[in-house]
Colleague: 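This is the structure I want to talk about, given as structure tokens.
Each chain gets a letter, A, B and so on, in the order the sequences are listed, and its residues count up from 1.
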Amino acid sequence: MKQYNHQEIEKKWQDIWEKEHRFEVKNHEDNKENAYVLIEFPYPSGKGLHVGHIRSYSALDAVARKKRMQGYNVLFPMGTDSFGLEAERTAIKEHKLPQEIVSRNIATFKEQLKMVGLSVDWSREISTSDPSYYKWTQWLFLQFVKHGLAEKQETTVNFCPNCGVLANEEVENGKCVQCGAETTQKPKAQWVLKMTKYAERLADDLKDTDYMEHIKTSQINWIGKSEGTEVKFDIEGGGSFKIFTTCIETIYGITFMVLAPENKLVDSLKNRILNWNEVEEYRKQASKKSDFERTEMAKTKTGCILSGIYAINPVNGKKVPVYISDFVLASYGTGAVMAVPTHDARDYEFAKAKNIEMIEVISGGNVAEKAYEKQEYLQKDSILINSGKFSGLKVSEAKKAITDYLINLGVAEKKINFKMRDWIFSRQRYWGEPIPMIHCDHCGWVPVNEEDLPITLPIVESYDVTKDGESPLSKIESFVNTTCPKCKGKAKRETDTMPGWAGSSWYYMRYCDPHNDKEFASLDALSAWLPVGLYNGGNEHTCRHLLYARFWNKFFYDIGISPVSEPFKNRISQGIVLGSNGVKMSKSLGNVVDPREVIKEYGADSIRVWEAFMGDYFETVNWNDDGVKSANRLINRIWNMQEFLTEGTEFSKELNFSLNFAIDKVTSDIDNVKFNTAISTIMSLVNEIYSNKKINKAEYKTLITLLSPFAPHVCEELYTICNFGTSMKDATWPVADKKALIKDTIELPVQVAGKVRGKITVSNSASQEEAVAVALENEDVKKYSNGLNPKKVIYVAGRILNLIF
RNA sequence: GCCGAUGUGGCGAAACUGGCAGACGCGCUCGACUCAAAAUCGAGUUCUGUAACAGGAGUGCCGGUUCAAAUCCGGCCAUCGGCACCA
């Protein structure tokens, strides 16, 4: 018997797979059902892949390989999400072109990935920064434009006087991370995708998916649907504004109103505001903060009164003061709120800080100490007080009664509001898809003609961020100056680019038809594969990327270019692999583990098995060098089993149960994303074979097949050594004989008063009487029974017998 | 702050969703093989306790429900992820 040599074997099989085009798939295969297994494509950062990537790639590879052996036509593609800030930053730092940085990084990443032996169809590889790909990203953007879902809107951007427009992560505590200067929120007209139009469906249609519950929840929370009432408040002396509330029952408790500092209403009231200077100063301060800082609960609430301005409560005509405060966001709801300090914690804090009166309108709390909030009073269905003719009603009744009353008055309407905002789609950066729009003084914004796509990024010397807040592309005249597609007059190109999210919002569709130069993907190809059966990616993407991708698909579905209304049947998210010190792997901390080194020493099969085994797939786990050894040991044990090998075409009596159990368990574990227990089942089986020191060919073949999704190279090698076939190309996944799993007798734990005191052996169909009779004869049980009959018996067949004496 | 998740031996973890806590593995201890070591094979390994059994305690902390709780409920504590221009 030859020694196990991972380097030789892995190279050999990887070459064979490549030469055979083993994993390339056609969109249609006779007599085979299609299955689409998708893993988020990596961002080709300069760091390269670390062992954490291997965890999810090899796990999904195992899923794909098993499905293939089960007779499916499996699409398991890979590509790179290559636009984005990081490549641009690296390029600036290294004085190279982002194009160069990206192709260098992709080469490294592919080299690393190929060593792992993934069953990827590389003929379908895509890269989002490739013009042949982003041509279609631009084309899809034009569809949004065509259907009125993309438009220029006034927004704000983080702005640093020295460094220009900044990403959120480049701003810390209102200061620029790079130069330390104070940043402001600068107004800017930007392209926006009107995603809110899809809010309702994005939330509702989650019911048609099998996503993990917490992923559905995070989608729903992000969308933030709330049903409430929009109420119009008149301003004393003329004018009015609207507020949105989900707590209309507290309307008699209003003691002030709050507007967002940016609310345009404030400008229109300028002449009537007595303390305008103060108001202006406050607005300036507020413009320095991000939304996140503004709404943070821990911060003390600040605000500024609009002296001389009073709003009139439509239920009782009460005159209340109006403030501006940064805890109210212009972007959410109407940019104005009614404040009821007795029943809202934020309002309570504000009222305390500003010494504003409070009126309790729902009984049951202790409003002298803190606000009695809706979570609590809704649950208790408390009674209204101090609320005019609505006093005495329960909250549940008052909600409706007050809403109806206001609607009759003509000052309110029922409204559904979403926390989710439209998607700001412009970036003033170089390294992204140019937005294919042209501005003409006569015709306004005109889409580029589809046949002129792609609008390619010009190769430029400096693509650094500009100080004036415009995209670096704006400085390239040859790019900017063009003719209007409509009137053929002089016109200028849009110079903003798309965000990194753009390319990743539809890449899984391009995999279905990656070389199509007529369409972004044909409906036939998409119909063959969608919806994706299993979509795996990082936890950090389960909220936004997933929502964006779903939004794009829904729109495509509506305009007839996608065959499904939900693109992903199931979505799961793997846990992160941290460094061995429990901290995220990063170059600066020196705790990055390069898979290439591990593979060199122990082999791809070993690292794959170890990462499958290291813990629950969904949980964060620390890297551990010793762990790979244990996987390597398992593989060696299975390799060395050749010594025990005997002839045989059927399972032996000794192993019949264990093998069928393992088939059943490994199959369901892979289906249920429990790779760690799949491996431990195989380990137990191997232990048993070692204690028997015997295994026949039929058994060995089954064992090898079960391991092969995780350790494909060594399994192919053993498969051929043992003459089970010339390769595992046509290997089929075993099916458990369910009958073999039923045992005649079982060991049943016996509890006395809830504590396990003994074990009995009974037939697997034993009745309660039979089980109790056996238990009472058991020596361990007798110690506690004192010869008595039990007063009470709890019997769960096959599980537990609990006796109370 | 808000939303989501997690917390079990020296360590990574498992536990069929309320039914034997610690499967499987790492590490460690002991034994076999070896001149020796490594590798390999085998035995043991939650803590406490005992010569050995027995017994007791035990799943982040405090309390509750139940014949029975890692699992369900209430209240804390700690760690991680997201919070809209990183993707």
Colleague: Is there a donor and acceptor pair closer than 3.5 Å between the side chain of A/Asn802 and the base of B/C67?
Modeller: yes

Colleague: Under a 3.5 Å cut-off for both distances, is B/A54 Watson-Crick or wobble paired, and to whom?
Modeller: none

Colleague: Could you check which nucleotide pairs with B/U59 in any of the strands shown, counting Watson-Crick or G-U wobble with both distances under 3.5 Å?
Modeller: none

Colleague: For B/A39, give the paired nucleotide (Watson-Crick: N1-N3 plus N6-O4 or O6-N4; G-U: N1-O2 and O6-N3; both under 3.5 Å), or none.
Modeller: none

Colleague: Any side-chain to backbone donor/acceptor pair from A/Arg608 onto A/Phe710? Under 3.5 Å, distance only.
Modeller: yes

Colleague: Just N and O in the side chain of A/Lys674: are any of them under 4.0 Å from OP1 or OP2 of B/A15?
Modeller: yes

Colleague: With a 3.5 Å distance limit and no angle check, can you tell me whether A/Ser325 reaches the backbone of A/Thr302 through a side-chain donor-acceptor pair?
Modeller: yes

Colleague: Give the rounded distance in Å between these two atoms: CG of A/Leu578 and P of B/G12.
Modeller: 12 Å

Colleague: Examine the base of B/C86 for any acceptor or donor lying under 3.5 Å from a partner atom in the side chain of A/Glu170, and report the outcome as yes or no.
Modeller: no

Colleague: Taking only side-chain N and O atoms of A/Arg346, does any of them lie within less than 4.0 angstrom of OP1 or OP2 on B/G1?
Modeller: no

Colleague: Rounded to whole angstroms, how far apart are OH on A/Tyr690 and C1' on B/A43?
Modeller: 18 Å

Colleague: Ignoring hydrogens and geometry, is there a side-chain-to-backbone donor-acceptor pair from A/Tyr4 to A/Asn632 under 3.5 Å?
Modeller: no

Colleague: Can you measure A/Asp664 atom CG to B/C16 atom C1' for me and round it to whole angstrom units?
Modeller: 11 Å

Colleague: Is there a donor-acceptor contact under 3.5 Å from the side chain of A/Asp422 to the main chain of A/Met195?
Modeller: yes

Colleague: With both distances kept under 3.5 Å, what pairs with B/C67, Watson-Crick or G-U wobble?
Modeller: B/G19

Colleague: Relative to the 5' end of RNA chain B, which residue comes earlier, A/Asn221 or A/Thr677, by the nucleotide with the nearest heavy atom?
Modeller: A/Asn221

Colleague: Do A/Lys629 and B/C26 share a donor-acceptor pair, side chain to base, under 3.5 Å?
Modeller: no

Colleague: Under a 3.5 Å cut-off for both contacts, is B/C11 paired Watson-Crick or G-U wobble with anything, and if yes, with which nucleotide?
Modeller: B/G25

Colleague: State which residues pass side chain to side chain contact (heavy atoms under 4.5 Å, CB included) with A/Glu494; sequence neighbours excluded, sorted by chain then number.
Modeller: A/Lys152, A/Trp191, A/Ile435, A/Met437, A/Trp445, A/Asp496

Colleague: Give a yes/no answer on whether the side chain of A/Arg633 brings an N or O atom under 4.0 Å of OP1 or OP2 in B/U40.
Modeller: yes

Colleague: In whole angstroms, how far is the C1' atom of B/G25 from the CG atom of A/Asn632?
Modeller: 14 Å

Colleague: State whether A/Tyr617 places a side-chain N or O below 4.0 Å from either non-bridging phosphate oxygen (OP1 or OP2) of B/G12.
Modeller: no

Colleague: Expressed in angstrom and rounded to an integer, what is the separation of A/Ile800 atom CD1 from B/C67 atom P?
Modeller: 15 Å

Colleague: Using whole Å, what does the distance between atom C1' of nucleotide B/A87 and atom CD of A/Glu88 come to?
Modeller: 14 Å

Colleague: So, do A/Phe350 and A/Phe327 have ring centers that fall under 6.0 Å from each other?
Modeller: yes

Colleague: Assign B/G9 to syn or anti; the rule is syn for a glycosidic angle within 90° of 0 and anti otherwise.
Modeller: syn

Colleague: Any side-chain N or O of A/Lys755 less than 4.0 Å from the OP1 or OP2 oxygen of B/A57?
Modeller: yes

Colleague: How many whole angstroms separate atom CG of A/Asn687 from atom P of B/A43?
Modeller: 9 Å

Colleague: Tell me which nucleotide, if any, is Watson-Crick or G-U wobble paired with B/C33 when both distances must be under 3.5 Å.
Modeller: none

Colleague: Hey, is the side chain of A/Gln219 pairing donor to acceptor with the base of B/C3 inside 3.5 Å?
Modeller: no

Colleague: Go ahead and name the base partner of B/A5; Watson-Crick or wobble counts if both distances stay under 3.5 Å, otherwise write none.
Modeller: B/U79

Colleague: Taking the same atom, C1', in B/G31 and in B/G7, what whole-Å distance lies between them?
Modeller: 38 Å

Colleague: Given atom CG of A/Asp344 and atom P of B/G1, what is their separation to the nearest angstrom?
Modeller: 16 Å

Colleague: Specify whether A/Tyr133 and A/Trp506 have parallel, tilted or perpendicular ring planes, treating 30° as the upper limit for parallel and 60° as the lower limit for perpendicular.
Modeller: parallel

Colleague: Do the side chain of A/Arg544 and the base of B/C86 come within less than 3.5 angstrom through a donor-acceptor pair of N or O atoms?
Modeller: no

